[in-house]
Trainee: 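Can you keep this structure in mind? I'll have questions shortly.
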Amino acid sequence: KNNKKTLENRERGRWKGKTDWYMYGYPKNLTKFDQSKLLVQILANRSTFSIDRDNNYYFVGGGNAGAYGISLPKNSEISLEFLCAILNSSLTHWLVKKRSSPFQHGFCSFAKRFIEDLPVVSSKSNQTLIKKIEKKVRNLSKTITEDSDAEIDSMISKIYGLSENE
């Protein structure tokens, strides 16, 4: 009730006298959240992408604050699991650190402008490895270890034709 007057006065008083004065003003945008997506923490000291398979999370973001989501088209050739693995890889973290403005304590920005044109390799010749990565990511929700991160990193490096030392 403390905020009722402020919320009613939004958009030149559009909400005055309405019973739903507290609601989000543009519900059409909420439908974009009701789908499987990757969740992205914008400002982080490492890649922290995660999958929202159950459409549970809604968020706000902007600039270098908050979070945002990445959804794939229905006819996408890649899965959320594979994209999540690529975006959480040490390779992607290295690329983003090179592109992003540096912040204190090793933090960098995973804002759209720093990740939207990252190369995502998916080809028929890599399908066996991609399936292994997808399975590993699906199983991570049960147990996350440094070994599993290293194993996924190694598989991602192979897909990109990199050696263990690169």
Side-chain angles (χ1 to χ4, degrees), residues 10-11 24-123 126 129-130 132-166:
R10 290 178 294 159
E11 299 175 46
Y24 182 61
Y26 299 94
K28 65 183 177 281
N29 292 333
L30 295 177
T31 61
K32 293 181 179 183
F33 292 100
D34 275 342
Q35 60 184 312
S36 295
K37 61 194 158 293
L38 290 181
L39 300 173
V40 184
Q41 178 182 340
I42 296 175
L43 197 57
N45 62 355
R46 63 183 180 86
S47 301
T48 57
F49 295 81
S50 61
I51 301 172
D52 174 19
R53 287 183 185 90
D54 300 322
N55 317 332
N56 289 327
Y57 299 99
Y58 291 57
F59 43 82
V60 295
N64 281 318
Y68 65 97
I70 298 172
S71 59
L72 296 174
K74 291 188 188 317
N75 61 349
S76 177
E77 293 180 16
I78 63 171
S79 67
L80 282 175
E81 289 82 5
F82 182 59
L83 183 58
C84 187
I86 289 174
L87 293 174
N88 277 325
S89 72
S90 57
L91 172 62
T92 294
H93 186 216
W94 178 81
L95 285 169
V96 170
K97 281 187 83 103
K98 294 285 183 197
R99 296 170 174 208
S100 168
S101 302
F103 293 88
Q104 287 184 339
H105 309 293
F107 279 65
C108 59
S109 173
F110 287 86
K112 178 183 175 184
R113 67 184 175 276
F114 300 120
I115 67 167
E116 69 184 337
D117 63 348
L118 290 170
V120 176
V121 175
S122 179
S123 68
N126 292 318
L129 199 49
I130 289 170
K132 280 184 183 178
I133 290 169
E134 290 170 341
K135 183 178 180 182
K136 194 79 169 163
V137 170
R138 277 191 294 276
N139 291 333
L140 280 179
S141 60
K142 299 169 189 150
T143 308
I144 299 174
T145 66
E146 285 185 31
D147 289 342
S148 55
D149 281 349
E151 188 178 347
I152 291 172
D153 257 358
S154 175
M155 290 187 272
I156 296 290
S157 293
K158 285 179 188 169
I159 287 174
Y160 282 91
L162 301 172
S163 70
E164 295 288 327
N165 298 326
E166 292 182 281

Trainee: For the residue pair Lys158 and Met155, establish whether any side-chain heavy-atom pair is separated by less than 4.5 Å.
Mentor: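 They are not in contact (no side-chain heavy atoms under 4.5 Å apart), so the answer is no.
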
Trainee: For the atom pair CG (Leu91) and CD1 (Ile156), what is the distance rounded to the nearest 0.5 Å?
Mentor: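 Here the rounded value is 8.5 Å.
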
Trainee: Which heavy atom of Phe82 sits nearest to which heavy atom of Ser79, and what is that distance?
Mentor: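 Closest pair (atom of Phe82, atom of Ser79, distance): N-OG, 3.0 Å.
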
Trainee: Checking side chain to side chain contact (heavy atoms under 4.5 Å, CB included) for the pair Ile78/Ile130: CA distance, chi angles, key distance, verdict?
Mentor: CA-CA 9 Å; Ile78 63 171; Ile130 289 170; over 6 Å; no

Trainee: Taking only residues two or more places apart in sequence or in another chain, which ones pass salt bridge (charged side-chain N to carboxylate O under 4.0 Å, His left out) with Asp52?
Mentor: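 Partners of Asp52 by the salt bridge (charged side-chain N to carboxylate O under 4.0 Å, His left out) criterion, ordered by chain and then number, come out as Lys37.
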
Trainee: For Gln41, check side chain to side chain contact (heavy atoms under 4.5 Å, CB included) against everything at least two apart and list the hits.
Mentor: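 Gln41 satisfies side chain to side chain contact (heavy atoms under 4.5 Å, CB included) with Ala44, Thr48 once adjacent residues are dropped.
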
Trainee: Is any side-chain heavy atom of Gln35 less than 4.5 Å from a side-chain heavy atom of Lys74?
Mentor: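 A side-chain contact is absent here, since even the closest heavy-atom pair is not under 4.5 Å.
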
Trainee: Please indicate whether Tyr57 has more than 12 foreign heavy atoms, meaning atoms of other residues, nucleotides or ligands, lying under 6.0 Å from its OH.
Mentor: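 It does not: Tyr57 OH has 12 such atoms or fewer within range.
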
Trainee: Taking side chain to side chain contact (heavy atoms under 4.5 Å, CB included) as the definition, give me every residue that meets it alongside Pro73, ordered by chain and number, with sequence neighbours left out.
Mentor: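 Side chain to side chain contact (heavy atoms under 4.5 Å, CB included) list for Pro73, sorted by chain: Asn75, Ser76.
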
Trainee: With side chains defined as the heavy atoms from C-beta onward, is the minimum distance between Ile86 and Ile159 less than 4.5 Å?
Mentor: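 Side chain of Ile86 against side chain of Ile159, heavy atoms only: no contact under 4.5 Å found.
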
Trainee: Side-chain donor-acceptor pairs under 3.5 Å in residues 104-113, sequence neighbours left out?
Mentor:
from	atom 1	to	atom 2	distance (Å)
Ser109	OG	Asn64	OD1	2.5
Ser109	OG	Ala111	N	3.1

Trainee: Under the rule for side chain to side chain contact (heavy atoms under 4.5 Å, CB included), what residues qualify as partners of Asp117, not counting sequence neighbours?
Mentor: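 Counting only residues at least two positions away or on another chain, Asp117 forms a side chain to side chain contact (heavy atoms under 4.5 Å, CB included) with Arg99.
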
Trainee: Which value, rounded to the nearest 0.5 Å, describes the distance between Thr92 atom OG1 and Lys97 atom NZ?
Mentor: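 Rounded to the nearest 0.5 Å, the OG1-NZ separation comes out at 13.5 Å.
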
Trainee: Measure the shortest side-chain to side-chain distance between Phe49 and Ile115 over non-hydrogen atoms and say whether it is less than 4.5 angstrom.
Mentor: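 In short, these two side chains touch, coming nearer than 4.5 Å.
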
Trainee: Would you say that Leu39 contacts Ser50 through its side chain, given a criterion of any heavy-atom pair below 4.5 Å between the two side chains?
Mentor: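 They are in side-chain contact.
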
Trainee: So Glu81 and Ile133, do their side chains get closer than 4.5 Å, heavy atoms only?
Mentor: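 With C-beta onward as the side chain, the pair stays apart.
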
Trainee: State which residues pass side chain to side chain contact (heavy atoms under 4.5 Å, CB included) with Ser157; sequence neighbours excluded, sorted by chain then number.
Mentor: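 Result, side chain to side chain contact (heavy atoms under 4.5 Å, CB included) vs Ser157: Leu162.
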
Trainee: Please give me the minimum heavy-atom distance between Asn55 and Ser36, naming the atom from each residue.
Mentor: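 Answer, listing the atom of Asn55 first, then Ser36: OD1-N, 2.9 Å.
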
Trainee: If we only count heavy atoms from C-beta on, is the Asn88 to Val137 side-chain gap below 4.5 Å?
Mentor: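 No - every pair of side-chain heavy atoms lies 4.5 Å or more apart.
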
Trainee: Take a 6.0 Å sphere around CD of Glu77 and say whether it holds more than 12 heavy atoms from other residues, nucleotides or ligands.
Mentor: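 Counting other residues, nucleotides and ligands, CD of Glu77 stays at 12 neighbours or fewer.
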
Trainee: Roughly how far, to the nearest 0.5 Å, is the CG atom of Asp149 from the OG atom of Ser89?
Mentor: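 Those atoms lie 10.5 Å apart.
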
